[in-house]
Colleague: 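One structure follows; several queries about it will come next.
All figures in this text were calculated on a predicted structure; none of them were measured in a lab. A, B, ... follow the sequence lines: proteins, then strands. Residue 1 opens every chain.
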Number of protein chains: 2
Amino acid sequence: MARAPAAPVADVSVDLIRAAGVKVTRGRVRVLDALHAARQPLSHAEMEMRLDEGSEPAMDRVTLYRILDSLVACGLALKAVDTRGVFRFSAAGAQRQHANHVHFRCTDCGGVFCLKAEPPPPPRLPRGFRLNELAFDLRGTCAGCSSREAV
Amino acid sequence: MARAPAAPVADVSVDLIRAAGVKVTRGRVRVLDALHAARQPLSHAEMEMRLDEGSEPAMDRVTLYRILDSLVACGLALKAVDTRGVFRFSAAGAQRQHANHVHFRCTDCGGVFCLKAEPPPPPRLPRGFRLNELAFDLRGTCAGCSSREAV
DNA sequence: GCTACAAATGCAACAAGGTTGCGTTTACTG
DNA sequence: CAGTAAACGCAACCTTGTTGCATTTGTAGC
Ligand SMILES: [Mn+2]
Ligand SMILES: [Mn+2]
Ligand SMILES: [Zn+2]
Ligand SMILES: [Zn+2]
């Protein structure tokens, strides 16, 4: 007894951040931890609320924006815009697995379904265009919503 | 002779607006005309610039927002958020012609570009799913933004 | 055509989301 | 344990979009 240390056994976020080649700061660790814990992509406002709950003093609004962007820049987070036009962030591991297949998005319930098919090769781009990501989305009504609708 | 009137021969936008059951105002006609003439969905800012080029006095910023929303409300325009989180508007009929080709969305300026390639055939869907629309979007930086960025 | 009234407009103020500039602090390097 | 570049805090600013209210305008009914 009297041994059990406040032991930092294995801190995933810290390691990821260090491996990404940027400085390991308290802010970045807190934010990346929160992203990993989240079930859905978080907006800046939502992130701010989650961080406020903790014991540490809230970080500056601008700093949070910069931390989120830096995590995106070094590949540890993803940034996407939601239907209201607000940016949402998620831990990178969570979405990379969705890069190589097609998605079906239900316009009724908002659900996203992963299909087996993989997206086709990108067509040739006009001169000067730089491709970053490719999304092949089918939109319609999912099985559940279709049957419910057919009443 | 002396006959040739300042003839309003056939004003598509006016008829559409009247048929939609809302008041036909100069503002709405100008905006819907611009939407019909546009090759891509336009943001509020882009629309404002196009209207400024004309001879008529620029309309108020808020009025433009309200006109765009009213056109959406009566089904004459469509509203969608672009990669930057900015709303873009298009004439309602126009999107059918965009159904059969691929789009490139610039994550920098939010621009939407029509590519020549046509989307691949949709993969088989699970039982009960109903396909409505199919979007093959490439995301990245357009020629303009790429060169500007490379300075 | 004129009138009355709802609908649309202009203007000012507000709000959320996001960015920039700059002086101070902090994490890493040697 | 410096020295230094990166990160941070703070204030100010920008863009996009909304709300309230007084004034103008389109249109239906006469
Ligand atoms: Mn998926
Ligand atoms: Mn198109
Ligand atoms: Zn559904
Ligand atoms: Zn661009």
Colleague: When the nearest nucleotide of DNA chain C is assigned to B/R61 and to B/K23 on a heavy-atom basis, which residue is associated with the more 5' position?
Modeller: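 Closest to the 5' end, via its nearest nucleotide, is B/K23.
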Colleague: Side-chain donor or acceptor of B/R66 under 3.5 Å from a matching atom on the base of C/dG10?
Modeller: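 Flag set: donor-acceptor pair detected.
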Colleague: Once you measure the plane-to-plane angle for A/H44 and A/Y65, does it fall in the parallel (<30°), tilted (30-60°) or perpendicular (>60°) bin?
Modeller: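 Correct class here is parallel.
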Colleague: Hey, which of these two, B/A45 or A/G27, hits DNA chain D nearer its 5' end, going by closest nucleotide?
Modeller: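 Nearest nucleotide further toward 5': that of A/G27.
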Colleague: Of all heavy-atom pairs between B/L138 and A/P123, which one has the smallest distance, and what is that distance?
Modeller: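 Heavy-atom minimum between the residues: CD1-CD, 3.8 Å.
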Colleague: Tell me which one of A/I67, A/V14, A/L16, A/V12 satisfies side chain to side chain contact (heavy atoms under 4.5 Å, CB included) with A/V29.
Modeller: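 Only one of A/I67, A/V14, A/L16, A/V12 forms a side chain to side chain contact (heavy atoms under 4.5 Å, CB included) with A/V29, namely A/V14.
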Colleague: Between C/dA7 atom P and B/I67 atom CD1, what is the distance in whole Å?
Modeller: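 Going from B/I67 (CD1) to C/dA7 (P), I get 16 Å.
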Colleague: Considering only D/dT27, D/dT19, C/dT20, which nucleotide approaches the side chain of B/V62 most closely?
Modeller: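 Of the options given, the side chain of B/V62 lies nearest D/dT19.
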Colleague: To the nearest angstrom, how far is A/R28 atom CZ from D/dA6 atom C1'?
Modeller: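 Going from A/R28 (CZ) to D/dA6 (C1'), I get 8 Å.
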Colleague: Less than 3.5 Å apart, any donor N or O on the side chain of B/R28 or B/S70 sitting next to an acceptor on the other?
Modeller: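 There is such a pair (donor and acceptor under 3.5 Å, judged by atom type) between the side chains of B/R28 and B/S70.
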Colleague: Do you see a donor-acceptor pair shorter than 3.5 Å between the side chains of A/S146 and A/T141?
Modeller: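 A/S146 vs A/T141: donor-acceptor pair found between side chains.
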Colleague: If you only use heavy atoms from C-beta on, which nucleotide in C/dA27, C/dG17, D/dG17 is closest to the side chain of B/V86?
Modeller: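 It is D/dG17.
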Colleague: With a 4.0 Å cut-off on heavy atoms, is A/V24 in touch with a base, just the backbone sugar-phosphate, or nothing at all?
Modeller: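 It contacts sugar-phosphate atoms only.
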Colleague: What is the separation between atom CG on B/D82 and atom C1' on D/dG17, rounded to the nearest whole Å?
Modeller: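 Taking atom C1' of D/dG17 as the reference, CG of B/D82 is at 14 Å.
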Colleague: Can you tell me how far P of C/dG18 sits from CG of A/L68, to the nearest Å?
Modeller: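 The distance from CG of A/L68 to P of C/dG18 comes to 10 Å, rounded to the nearest Å.
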Colleague: Report the distance from atom CZ of A/F87 to atom P of D/dT16, rounded to the nearest whole Å.
Modeller: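 These atoms are roughly 11 Å apart.
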Colleague: Rounded off to whole Å, could you give me the CD1-to-P distance for the A/I17 and C/dC28 pair?
Modeller: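 To the nearest whole Å, that distance equals 10 Å.
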Colleague: Of the options D/dT19, D/dA11, C/dG10, whose atoms approach the side-chain atoms of B/D60 most closely?
Modeller: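 It is C/dG10.
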Colleague: Take atom CD of B/E56 and atom P of C/dG10, then tell me their distance rounded to the nearest Å.
Modeller: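 Interatomic distance, CD of B/E56 to P of C/dG10: 11 Å.
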Colleague: Can you tell which of D/dT27, D/dA7, D/dG9 lies closest to the side chain of A/V22?
Modeller: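 Looking only at heavy atoms from C-beta outward on A/V22, the closest nucleotide is D/dA7.
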Colleague: Just call it for A/T25: base, sugar-phosphate, or nothing, with non-hydrogen atoms closer than 4.0 Å on any strand.
Modeller: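 Touches sugar-phosphate only.
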Colleague: B/L51 has an atom CG; how far is it from atom C1' of C/dG10, in whole Å?
Modeller: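 Taking CG of B/L51 and C1' of C/dG10, I get 16 Å after rounding.
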Colleague: Between C/dT19, D/dA6, D/dG9, which nucleotide has the shortest distance from any of its atoms to the side chain of A/D69?
Modeller: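 My answer, after comparing the listed nucleotides, is C/dT19.
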